[in-house]
Amino acid sequence: MRGSRARSEQAANVATGFGPGKVILLGEHGVVYGHPAIAGPLSVGVRTRGRPANRCKLEVSEDVVGARRQQLLRAFDRAAAACGRPEVSVKLESDLPMSMGLGSSGAVAVACARVLLSAAGRSTSPKAVMEVAFEMEREFHGTPSGLDHTCSGMGELILYSRKPGSETPTVRRLKSPRPLKVLVVLVGERSPTKLTVAGLRARQARWPERYSRLFDEIGRLAREGAKAIEKGDLEALGDAMTVNHGLLSALQLSSPNLDEMVHRLRQMGALGAKLTGAGGDGGAVIGLFLEPEPAVAQLTKMGVRCFGSQLAGPKTL
Ligand code: PMV
């Protein structure tokens with residue numbers, strides 16, 4: 001079935017792309033200042049479908065309006081220009097909650113880059129995809145660390161860092177000898193990443209020494225977390241995540257709703273829990289579980305929006 005569908009799509013000259021969403025296990029925000037962070041891909045993400053057209057364009061759904069629509073179109077235009085504007089009309093489909101800290105803009109960027117490169121007859125290697133996707137991310141975020149689109153483009157659990165001002169990140173794939181599973185809870189609406197990052201930058205500029213101590217410590221937790229993952233020590237990883245949440249809270253990036261959910265997940269048996277992504281007044285919380293499904297069922301019954309996802313390690317049923 002899959003094979004015949006792929007063949008008929010090819011025959012109709014349809015290009016497709018996929019960019020998975022991501023969760024940051026450790027190190028968000030510190031990563032903007034050159035410290036390491038760990039992120040892993042989700043199974044949900046953004047799909048693009050391109051069909052031949054007389055010019056290169058993005059079909060944006062009617063419900064994306066105002067500033068968001070303009071930003072999406074500007075971002076697409078940067079990627080289109082980087083690919084020589086192939087004559088393709090690109091449609092987006094997503095099963096990823098948008099603007100929740102799950103890397104939706106990075107996933108959009110990767111899915112668009114894949115379809116544009118393939119329509120242009122260019123290489124769709126991860127390196128080529130990530131270069132084009134970074135153009136889009138700059139439009140979305142201003143000064144992104146590059147972690148989101150790199151994780152989405154590679155589709156693997158990674159330890160990532162990039163010195164501010166440098167074009168080239170340091171990326172290491174992390175192998176987990178144990179299944180690494182998280183429960184992702186959608187806590188609620190939040191401000192755009194760009195604003196949260198800018199607010200933190202203003203505090204950091206005012207009190208640089210205090211903030212750099214906290215960023216150093218967050219970076220250390222990411223390095224310790226990477227070692228814990230590679231050793232299969234999920235308890236140590238969970239502890240690093242909970243401590244990381246405390247530091248994000250100290251940086252004024254948490255809220256009562258996020259804190260309450262972190263406590264709730266730990267009471268439900270999480271080895272560790274924290275906000276993930278930019279945080280602020282809402283967004284998502286993750287809990288590290290040996291097996292998240294019972295907690296997913298319990299929370300879903302109470303009306304909490306959540307899902308489980310395996311980020312790395314041997315696949316289990
Ligand atoms: O909330 P998201 O998915 O936009 O992730 C932001 C992660 C930050 O570290 C806060 C910003 C960045 O550029 O890495």
Side-chain angles (χ1 to χ4, degrees), residues 17 19-22 24 27-37 39 41 45-46 48 56-58 60 64 66-86 90 92 94 96 98-117 120 122-155 158 160-171 190-202 204-205 277-280 283:
K22 66 93 204 21
I24 300 177
E28 51 273 269
H29 289 287
V31 69
V32 176
Y33 297 84
H35 296 283
V46 175
T48 43
C56 188
K57 63 170 189 236
L58 180 68
V60 186
V64 182
R68 255 192 85 210
R69 186 181 188 90
Q70 293 315 316
Q71 188 187 47
L72 183 55
L73 290 170
R74 276 198 310 273
F76 180 81
D77 193 63
R78 281 174 80 147
C83 296
R85 300 190 191 282
V90 176
L92 291 173
S94 173
L96 184 67
M98 304 305 260
S99 305
M100 276 281 170
L102 302 181
S104 54
S105 67
V108 166
V110 164
C112 284
R114 287 213 164 103
V115 82
L116 285 168
L117 285 167
R122 305 241 297 253
S123 159
T124 53
S125 68
K127 186 172 177 284
V129 167
M130 287 186 288
E131 266 171 30
V132 174
F134 204 15
E135 279 300 313
M136 284 188 83
E137 271 288 80
R138 284 196 173 104
E139 186 64 47
F140 289 128
H141 284 324
T143 53
S145 65
L147 171 64
D148 283 22
H149 79 275
T150 304
C151 179
S152 182
M154 291 178 64
I158 54 170
Y160 176 98
S161 63
R162 185 171 68 88
K163 292 281 161 252
S166 150
E167 280 294 308
T168 346
T170 305
V171 187
R190 50 156 227 186
S191 307
T193 297
K194 208 175 182 170
L195 295 185
T196 310
V197 168
L200 177 60
R201 191 174 287 285
Q204 177 268 343

**Prompt:** Stepwise, does the side-chain contact (heavy atoms from CB on, under 4.5 Å) test hold for T193 with F140?
**Reply:** CA-CA 9 Å; T193 297; F140 289 128; over 6 Å; no

**Message:** Can you confirm whether L72 sits close enough to V108 that some side-chain heavy atom of one is under 4.5 Å from a side-chain heavy atom of the other?
**Reply:** yes

**Request:** Report the residues that fulfil side-chain hydrogen bond (donor to acceptor under 3.5 Å, both in side chains) with T170, sequence neighbours left out, ordered by chain and then residue number.
**Result:** none

**Separation of K57 NZ from L73 CG (nearest 0.5 Å)** = 12.0 Å

**Prompt:** Okay, side chain of R114, backbone of G153: is any donor-acceptor separation there less than 3.5 Å?
**Reply:** yes

**Carboxylate-amine/guanidinium contact E28 K22, below 4.0 Å** = no

**Prompt:** Crowded around R69 CZ? As in, over 12 foreign heavy atoms under 6.0 Å?
**Reply:** yes

**Prompt:** Under the side-chain hydrogen bond (donor to acceptor under 3.5 Å, both in side chains) test, which residues partner Q204, sequence neighbours left out?
**Reply:** none

**Prompt:** Nearest 0.5 Å, what's the CE-OG distance between M136 and S105?
**Reply:** 9.0 Å

**Prompt:** Could you state the interatomic distance from CG (L58) to CG (D77), rounded to the nearest 0.5 Å?
**Reply:** 10.5 Å

**Request:** Give a yes or no on whether the backbone of S161 and the side-chain of H35 come within a donor-acceptor separation of less than 3.5 Å.
**Result:** no

**Prompt:** Under the ring-ring contact (aromatic ring centres under 6.0 Å, His included) test, which residues partner Y33, sequence neighbours left out?
**Reply:** F215

**Item:** Minimal non-hydrogen separation, V46 against S94, with atom names
**Value:** CG2-OG, 3.8 Å

**Request:** Just jot down the side-chain contact (heavy atoms from CB on, under 4.5 Å) partners of P41, sequence neighbours excluded, or say none.
**Result:** P20, C151

**Message:** To check you understand the geometry: which heavy-atom pair defines the closest contact between L147 and A39, and what is its length?
**Reply:** CD1-CB, 3.7 Å

**Prompt:** Just by modelled atom types, is the S99 backbone N or O under 3.5 Å from a matching donor or acceptor in the S104 side chain?
**Reply:** yes

**Fill in**
Shortest non-hydrogen pair, Y160 vs S145, comes out as OH-O, 2.6 Å

**Asked** With sequence neighbours left out, what residues match R122 under side-chain contact (heavy atoms from CB on, under 4.5 Å)?
**Response** L117, A120

Pairs of donor and acceptor atoms involving the side chains of residues 126-134, under 3.5 Å and at least two apart or interchain, shall be tabulated with distances.
unit_1	atom_1	unit_2	atom_2	d
K127	NZ	E131	OE2	3.4

**Message:** Please evaluate residues H141 and V197 with respect to the criterion side-chain contact (heavy atoms from CB on, under 4.5 Å), reporting the C-alpha separation (whole Å), side-chain torsions for both, the decisive distance (0.1 Å), and the verdict.
**Reply:** CA-CA 9 Å; H141 284 324; V197 168; over 6 Å; no

**Request:** Indicate the atoms forming the closest heavy-atom contact of G106 with S152, along with that distance.
**Result:** O-OG, 4.1 Å

**Request:** Any chance you could measure L195, atom CG, to L200, atom CG, to the nearest 0.5 Å?
**Result:** 12.5 Å

**Complete:** Closest heavy-atom pair, L116 versus C83, reported as atoms and distance to 0.1 Å, is CB-SG, 3.7 Å

**Prompt:** Can you tell me if T150 uses its side chain to pair, donor with acceptor, with the backbone of G146 under 3.5 Å?
**Reply:** yes

**Request:** Give the minimum heavy-atom separation between E139 and K194, together with the two atoms involved.
**Result:** O-NZ, 4.0 Å

